[in-house]
Enquirer: 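If you scroll down you'll find the structure; I have some questions about it.
Position 1 is the first residue of the sequence, and the numbers go up from there.
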Amino acid sequence: MATKELKNIFLSASVPLPDRDSKYFETADIIAIRDAVIALTTVILPYHRIIWGGHPSITPLIYYVMEKMNLNIQDHVKLYQSLFFEQYFPDDNNKFRNIEFTENIGDIHSSIQRMRERMFGENKFDAAIFIGGMDGIEVEYNMFKVYHPDALLLPIASTGAATKIVYDNFLPEELKNERLLKDYGYMSLFQKFLMDKI
């Protein structure tokens, strides 16, 4: 089922928390975030590899799709996880073979920064997808562009939160598309704007 060359797709996504910065939570569409992650995983996993920094709201969704599709494609997923969060790892982490643990530097910001540096530096990416999220989305968008300037960038602005901020304020005008703002048909959106372009 898989193509000869597995292309790496970076996923930056999370569900904003109400007790964090309200600018993310107030515009977040939680259902859209969930649907977009499930659609992306469904469209991409049979053919390419998704790489992401572990988040307890996203990792279980990716495993859910693998299980529902009955896909035994562990090589098509790669999870980066900072040991800073070791005591909080979701049980779903144990279901993935390809986990890259990154060192606990001692504080949350340095540890996450180190994980991102390794994730972006150790892999060649063809595209990055941004869904929902908080401040980490903005950081990862800017870092990703530095590490992979020729890769496709797709902030799914209809999911709101930090991704909408990235779309409005950072994405070059020539890359903007009304469908990224208003199209909730994520399966066809990812087929047209991702699969057909990589």
Enquirer: Describe, in one word, how the ring planes of Tyr186 and Tyr184 are oriented to each other, choosing from parallel (under 30°), tilted (30 to 60°) and perpendicular (over 60°).
Expert: perpendicular
Enquirer: Does Lys145 have more than 12 heavy atoms from other residues, nucleotides or ligands lying within 6.0 Å of its NZ?
Expert: yes
Enquirer: Please tell me if the side chains of Arg179 and Ser188 come closer than 4.5 Å, counting only heavy atoms from C-beta onward.
Expert: yes
Enquirer: Does the side chain of Phe89 come within less than 4.5 Å of Asn94's, by heavy atoms?
Expert: no
Enquirer: For a side chain to side chain contact (heavy atoms under 4.5 Å, CB included) check, start with the C-alpha distance between Ile165 and Tyr24, then their side-chain angles and the critical distance, and finish with the verdict.
Expert: CA-CA 9 Å; Ile165 292 169; Tyr24 302 122; 3.8 Å; yes
Enquirer: Can you tell me how far CG of Leu40 sits from CG of Leu189, rounded to the nearest 0.5 angstrom?
Expert: 10.0 Å
Enquirer: With no hydrogens and no angle check, is any side-chain donor or acceptor of Lys176 less than 3.5 Å from a backbone partner on Tyr167?
Expert: yes
Enquirer: Apply side chain to side chain contact (heavy atoms under 4.5 Å, CB included) to Phe10 and His148, showing your working.
Expert: CA-CA 11 Å; Phe10 172 63; His148 303 281; over 6 Å; no
Enquirer: Might you work through the side chain to side chain contact (heavy atoms under 4.5 Å, CB included) test for Ser14 and Met134, ending with a clear yes or no?
Expert: CA-CA 7 Å; Ser14 72; Met134 297 176 281; 4.1 Å; yes
Enquirer: CD1/Ile50 to CG/Leu79 distance, rounded to the nearest 0.5 angstrom?
Expert: 12.0 Å
Enquirer: Can Asp196 and Gln191 be said to form a side chain to side chain contact (heavy atoms under 4.5 Å, CB included), step by step?
Expert: CA-CA 6 Å; Asp196 292 350; Gln191 184 63 49; 3.0 Å; yes
Enquirer: Is any side-chain heavy atom of Ile156 closer than 4.5 Å to a side-chain heavy atom of Leu180?
Expert: yes
Enquirer: Flag yes if more than 12 heavy atoms outside Asp91 fall under 6.0 Å of its CG atom; otherwise flag no.
Expert: no
Enquirer: Can you tell if the side chain of Thr41 reaches within under 4.5 Å of the side chain of Leu61, non-hydrogen atoms only?
Expert: no
Enquirer: Any chain of hydrophobic side-chain contacts (each under 4.5 Å) joining Ile33 to Phe25?
Expert: no
Enquirer: With side chains defined as the heavy atoms from C-beta onward, is the minimum distance between His76 and Met66 less than 4.5 Å?
Expert: no
Enquirer: Please answer: with hydrophobic residues joined when any side-chain heavy atoms are less than 4.5 Å apart, are Ile108 and Ile105 in the same cluster?
Expert: no
Enquirer: Minimum heavy-atom separation for Arg116 to Val139, with atom names?
Expert: NH1-CG1, 3.5 Å
Enquirer: Answer whether the closest heavy-atom distance between the side chains of Met119 and Glu100 falls below 4.5 Å.
Expert: no
Enquirer: Is there a path of hydrophobic side-chain contacts, each under 4.5 Å between heavy atoms of I/L/V/M/F/W/Y residues, joining Phe101 to Ile112?
Expert: yes
Enquirer: How long is the straight-line distance from NE2 of His109 back to CZ of Phe84, given to the nearest 0.5 Å?
Expert: 8.5 Å
Enquirer: Could you tell me which non-hydrogen atom of Glu103 sits nearest to which non-hydrogen atom of Arg114, and how far apart they are?
Expert: OE2-NE, 2.8 Å
Enquirer: Kindly check if the number of other-residue, nucleotide or ligand heavy atoms within 6.0 Å of OH (Tyr64) is above 12?
Expert: no
Enquirer: Is there a side chain to side chain donor-acceptor pair (under 3.5 Å) between Gln81 and Asn93? Walk through the geometry before answering.
Expert: CA-CA 9 Å; Gln81 191 74 71; Asn93 275 16; 3.0 Å; yes
Enquirer: Using 0.5 Å steps for rounding, measure from the CG atom of Leu181 to the CG atom of Asp168.
Expert: 7.0 Å
Enquirer: Determine whether a donor-acceptor pair (N or O, by modelled atom type, separation under 3.5 Å) exists between the side chain of Asn104 and the backbone of Ser111.
Expert: no
Enquirer: Where do Ala36 and Thr159 come nearest, in terms of heavy atoms and distance?
Expert: CB-CG2, 4.0 Å
Enquirer: Using the side-chain contact (heavy atoms from CB on, under 4.5 Å) rule, pick out the option among Leu194, Ile129, Ile9 that qualifies with Leu152.
Expert: Leu194
Enquirer: To check you understand the geometry: which heavy-atom pair defines the closest contact between Thr102 and Met115, and what is its length?
Expert: OG1-CB, 3.3 Å
Enquirer: Between the side chain of Glu26 and the main-chain N/O of Asp21, is any donor-acceptor distance below 3.5 Å?
Expert: no
Enquirer: Please report the interatomic distance OG1(Thr163) to CD1(Ile131), rounded to the nearest 0.5 Å.
Expert: 7.5 Å
Enquirer: Provide the closest heavy-atom pair for Ala157 versus Lys164 in the form atom of the first, atom of the second, distance.
Expert: O-CD, 3.8 Å
Enquirer: Is a side-chain N or O of Gln74 found less than 3.5 angstrom from the main chain of Arg97, in a donor-acceptor match?
Expert: yes
Enquirer: Looking at every heavy atom in both Pro90 and Pro56, which two are closest together, and how far apart are they?
Expert: CG-CA, 4.3 Å
Enquirer: Check for a donor-acceptor pair, side chain of Ser57 on one end and backbone N or O of Val15 on the other, with a separation under 3.5 Å.
Expert: yes
Enquirer: For residues Tyr141 and Leu153, determine if any side-chain heavy atom of one lies less than 4.5 Å from a side-chain heavy atom of the other.
Expert: yes
Enquirer: Taking the inter-plane angle between the rings of Phe125 and Phe120 on a 0 to 90° scale, is it parallel (under 30°), tilted (30 to 60°) or perpendicular (over 60°)?
Expert: perpendicular
Enquirer: Give a yes or no answer on whether the side chain of Thr27 reaches the backbone of Ala161 with a donor-acceptor pair at less than 3.5 Å.
Expert: yes
Enquirer: Is any side-chain heavy atom of Asn8 less than 4.5 Å from a side-chain heavy atom of Lys78?
Expert: no
Enquirer: First locate atom CG of Leu11, then atom CG of Leu154, and finally report the distance between them rounded to the nearest 0.5 Å.
Expert: 11.5 Å
